[in-house]
Amino acid sequence: MSFRGPFHGAPPVSTPVPPERRGRTIRRIVAFFGPYRVQVAIVLVAILATSLLGLINPILLKLLIDDAIPKLDFGLLNLFVGLMIAVPIVSGLIGLGQSYLNNVIGQSVMQDLRTALYAHLQRMPLRFFTETRTGEIQSRLANDVGGVQGVVTDTASSVTANIAIAISTVIAMIVIDWRLTVLSLGLLPFFMYLTYRVGKVRREVSGLTQKSLAEMSAQTQETLSVSGILLSKTFGQQQAAVGRFRQLNAELAGLQVRQAMVGRWFFMIIGTIFSITPAFVYWLAGYLAIGGDPTAPTIGDIVAFTTLQSRLFFPLGQLLSVQVEIQGALALFDRIFEYLEMDPEIKDAPDAVDLEPAAVRGRIRFRDVAFRYPTPPPTPPAAGAATLDQGAEPDGPNGIPPASPDAAPVPVALPFGVEGLDFVAEPGQLVALVGPSGSGKTTTTYLIPRLYDVERGAVEIDDRDVRQVRLESLGRTIGFVTQETYLFHASVRDNLRYASPDATDGRLEAAARAAAIHDRITELPNGYDTIVGERGYKLSGGEKQRIAIARVLLKDPRILILDEATSALDTVSERLIQAAFLRLMQGRTTIAIAHRLSTILRADLILVFDRGRIVERGTHRELLAVDGLYARLYREQFLGHEGAEAEVAAGAS
């Protein structure tokens with residue numbers, strides 16, 4: 001199985017794109033405008049209307065000066081002046097409404113695009129996040145989508161309007177006098193400079209919008225990292241995350257509409273700056289008239305022409321600069337759609353069902369399961385690294401160290417996964433997974449909540465293949481405590497309520513007491529409302545771990561997957577967490593990656609892993625009697641260690 005598109009970053013923006021792909025990209029862009037086709041039609045009609053209305057006043061000026069005034073006709077004078085007052089008012093109102101509707105359409109499309117990409121990333125499997133840099137994901141979602149914003153919001157309608165205005169205006173100017181037209185087009189560079197100056201002012205106005213964008217970026221960083229997506233999937237909180245993102249996204253869209261409208265007022269002001277340009281037309285017209293040229297323009301021609309002249313510069317400047325902007329935006333669109341076209345791979349089957357938490361017994365069955373990671377492992381470390389895990393990195397794509405020198409010879413091809421897993425965890429049992437680091441223990445636990453899908457065999461819960469269970473339902477049924485505790489930059493209360501958003505304060509405190517963390521929380525500056533900081537950096541490792549245990553207790557899952565990373569903690573924290581683990585496992589089917597002897601002694605079944613396979617199984621006493629890999633690992637870690645005898649005695653009691 002493989003994903004469409006690279007995981008380690010897309011080609012640079014400048015990479016050539018085949019014409020057929022570019023056409024597909026344009027069609028997908030147009031498809032995002034589909035829900036707003038009625039509004040788009042209204043905008044196009046408004047564009048044509050304002051373009052035609054813009055030609056009326058210059059013509060009225062010519063008629064007023066060359067016809068009404070010389071004939072001393074008050075009726076024509078009043079008619080022309082009245083129309084000259086009414087037309088700009090009507091045109092301005094239509095233009096303002098068009099601008100507002102255009103920005104609402106553009107920001108709605110941007111909102112849909114951001115939400116579609118974020119929701120799609122939430123559905124991507126864990127493998128995608130382990131093989132893709134978080135910064136790359138954030139760049140696609142924030143920078144790339146932000147880079148196309150101007151094109152979606154303004155460029156499509158702007159190009160249409162500018163072409164219509166430019167063509168109609170140039171034709172009218174040529175009809176009046178082609179010489180003056182040539183002179184006017186020579187002033188285009190000056191107009192471009194003025195547009196640049198206005199652009200600098202607009203960037204300053206975007207400050208508030210950037211603050212909102214930063215808030216949304218922080219949300220994506222927290223929820224789309226490897227740890228964040230792992231937490232989201234194991235708690236079944238993907239929809240809640242999308243809902244929160246949708247709320248922030250809507251707030252950002254509203255701010256960006258305001259920003260765009262502020263810019264429109266700047267562009268209205270720029271028209272006044274061009275009041276000096278008619279001076280050049282007056283000079284040329286005067287030169288022709290003084291020189292006795294019979295084709296010299298009339299006074300009405302001059303006035304009408306200068307009016308058209310000021311109307312022409314803005315659309316021409318936009319049309320000259322839009323080509324580069326469009327090409328850059330299409331390259332960004334290619335990168336965005338590259339992500340949207342990736343297959344989530346792990347998704348609900350058409351006939352998937354919900355598991356009712358109250359009805360789940362918790363029987364877990366692995367039936368001849370095999371799974372391999374798609375990429376080769378790095379070179380294994382030297383021999384002699386085989387011990388029971390003590391806070392080691394999760395096995396899997398991080399590498400597979402071999403067993404000790406007296407173990408069986410290392411096969412030519414390391415499994416880099418698991419093979420032939422077949423065991424049963426009965427309801428309420430504790431099954432401990434032990435073995436060298438990289439032997440497949442964490443990979444095994446990831447197959448239960450479908451963080452990865454098996455390649456052969458089946459993983460069952462209550463005799464139902466997990467691939468026939470809806471992912472969100474699976475996330476609600478299984479509790480997961482990982483080696484690396486992940487906390488959001490939020491209050492302790494909010495971190496606990498991630499498991500159960502509707503939990504009362506009483507339930508929160510009860511879970512915290514069971515995890516032996518309530519008293520410590522009350523000592524914090526703001527108690528349960530204390531902000532824990534990025535990834536919970538304000539708390540110690542033991543405190544974060546106990547909050548994670550309380551969070552799972554609050555979720556109250558029937559199945560518990562436990563990775564006890566306690567070796568790096570101080571003795572007091574370690575004992576508190578061990579006591580919390582015992583309360584957490586009561587009455588639940590538990591699959592525990594064992595780092596402590598107390599867990600092993602309490603286990604109903606111990607599975608010993610080596611190179612992706614289960615090589616021994618049984619209770620602690622049975623495995624010691626066999627005197628195989630488990631016995632050797634047990635002796636290497638515990639015999640002769642200070643305090644080991646006390647732990648053995650405590651575990652056996």
Side-chain angles (χ1 to χ4, degrees), residues 218 221-223 225-232 234-235 237 389-394 442 445 479-501 503-557 560-586 588 590 592-596 598-599 643 647 650:
Q221 190 278 331
E222 288 188 337
T223 57
S225 65
V226 176
S227 299
I229 202 69
L230 175 60
L231 191 64
S232 174
T234 55
F235 279 84
Q237 290 291 319
D389 283 347
Q390 288 275 344
E393 289 295 320
T442 298
T445 64
F480 216 117
V481 180
T482 59
Q483 285 189 13
E484 180 186 0
T485 300
Y486 189 90
L487 299 179
F488 295 108
H489 183 78
S491 67
V492 174
R493 190 186 311 277
D494 289 339
N495 273 284
L496 292 175
R497 281 204 171 117
Y498 189 82
S500 179
T504 63
D505 290 345
R507 285 187 58 201
L508 256 65
E509 292 186 10
R513 289 182 187 278
I517 192 61
H518 171 75
D519 292 340
R520 175 60 187 133
I521 293 175
T522 58
E523 295 173 356
L524 296 175
N526 297 309
Y528 281 84
D529 294 318
T530 300
I531 303 298
V532 301
E534 180 74 12
R535 292 179 174 268
Y537 76 93
K538 294 183 180 179
L539 304 176
S540 69
E543 291 164 352
K544 288 191 293 184
Q545 187 75 304
R546 281 179 280 162
I547 288 178
I549 294 171
R551 185 166 56 190
V552 174
L553 283 167
L554 194 63
K555 181 181 179 181
D556 194 22
L560 179 65
I561 299 173
L562 192 61
D563 196 346
E564 305 175 62
T566 60
S567 61
L569 303 178
D570 60 84
T571 304
V572 175
S573 295
E574 185 175 343
R575 289 177 179 173
L576 289 172
I577 289 175
Q578 286 298 318
F581 275 145
L582 293 178
R583 286 188 285 271
L584 181 61
M585 290 185 290
Q586 288 177 0
R588 311 176 200 276
T590 304
I593 298 175
H595 302 293
R596 304 300 302 165
S598 58
T599 300
E647 184 172 16

Rounded to the nearest 0.5 Å, how far does [atom2] of [Y] lie from [atom1] of [X]?
{"X": "L539", "Y": "T530", "atom1": "CG", "atom2": "OG1", "answer": "8.5 Å"}
{"X": "Y498", "Y": "R551", "atom1": "OH", "atom2": "CZ", "answer": "8.0 Å"}
{"X": "Y486", "Y": "N495", "atom1": "OH", "atom2": "CG", "answer": "9.5 Å"}
{"X": "R497", "Y": "T504", "atom1": "CZ", "atom2": "OG1", "answer": "7.5 Å"}
{"X": "T485", "Y": "I547", "atom1": "OG1", "atom2": "CD1", "answer": "9.0 Å"}

Positive for side chain to side chain contact (heavy atoms under 4.5 Å, CB included) with E543, one of L524, I521, V532, I517: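 Of L524, I521, V532, I517, side chain to side chain contact (heavy atoms under 4.5 Å, CB included) with E543 is met by I517 alone.
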message: Looking at every non-hydrogen atom in both residues, tell me the closest pair between F480 and V552 and how far apart they are.
response: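 So the two residues come closest at O-CG2, 3.8 Å.
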Show the atom names and distances, to 0.1 Å, of all donor-acceptor pairs under 3.5 Å that link a side chain in residues 506-515 to residues at least two apart or in another chain.
{"unit_1": "R507", "atom_1": "NH1", "unit_2": "S500", "atom_2": "OG", "d": "3.4"}
{"unit_1": "R507", "atom_1": "NH2", "unit_2": "L554", "atom_2": "O", "d": "2.8"}
{"unit_1": "R513", "atom_1": "NH2", "unit_2": "H518", "atom_2": "NE2", "d": "3.1"}

Those residues that, when tested against R493, pass salt bridge (charged side-chain N to carboxylate O under 4.0 Å, His left out) (two or more places apart):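 For R493, the residues satisfying salt bridge (charged side-chain N to carboxylate O under 4.0 Å, His left out) (neighbours in sequence not counted) are D505, D529.
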Using the test side chain to side chain donor-acceptor pair (under 3.5 Å), find all partners of [X] that sit at least two apart in sequence or belong to another chain.
{"X": "T445", "result": "none"}
{"X": "N526", "result": "none"}
{"X": "S491", "result": "D494"}

- prompt: side chain to side chain contact (heavy atoms under 4.5 Å, CB included) with T590: which residues, sequence neighbours excluded?
  reply: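 Residues passing side chain to side chain contact (heavy atoms under 4.5 Å, CB included) with T590: L430, L560, L562, M585, R588, A592.
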- prompt: Do Q545 and V481 touch side chain to side chain, with heavy atoms closer than 4.5 Å?
  reply: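 Counting from C-beta outward, Q545 and V481 do come under 4.5 Å.
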- request: Might you work through the salt bridge (Lys or Arg N to Asp or Glu O under 4.0 Å) test for R520 and E523, ending with a clear yes or no?
  value: CA-CA 5 Å; R520 175 60 187 133; E523 295 173 356; 3.4 Å; yes
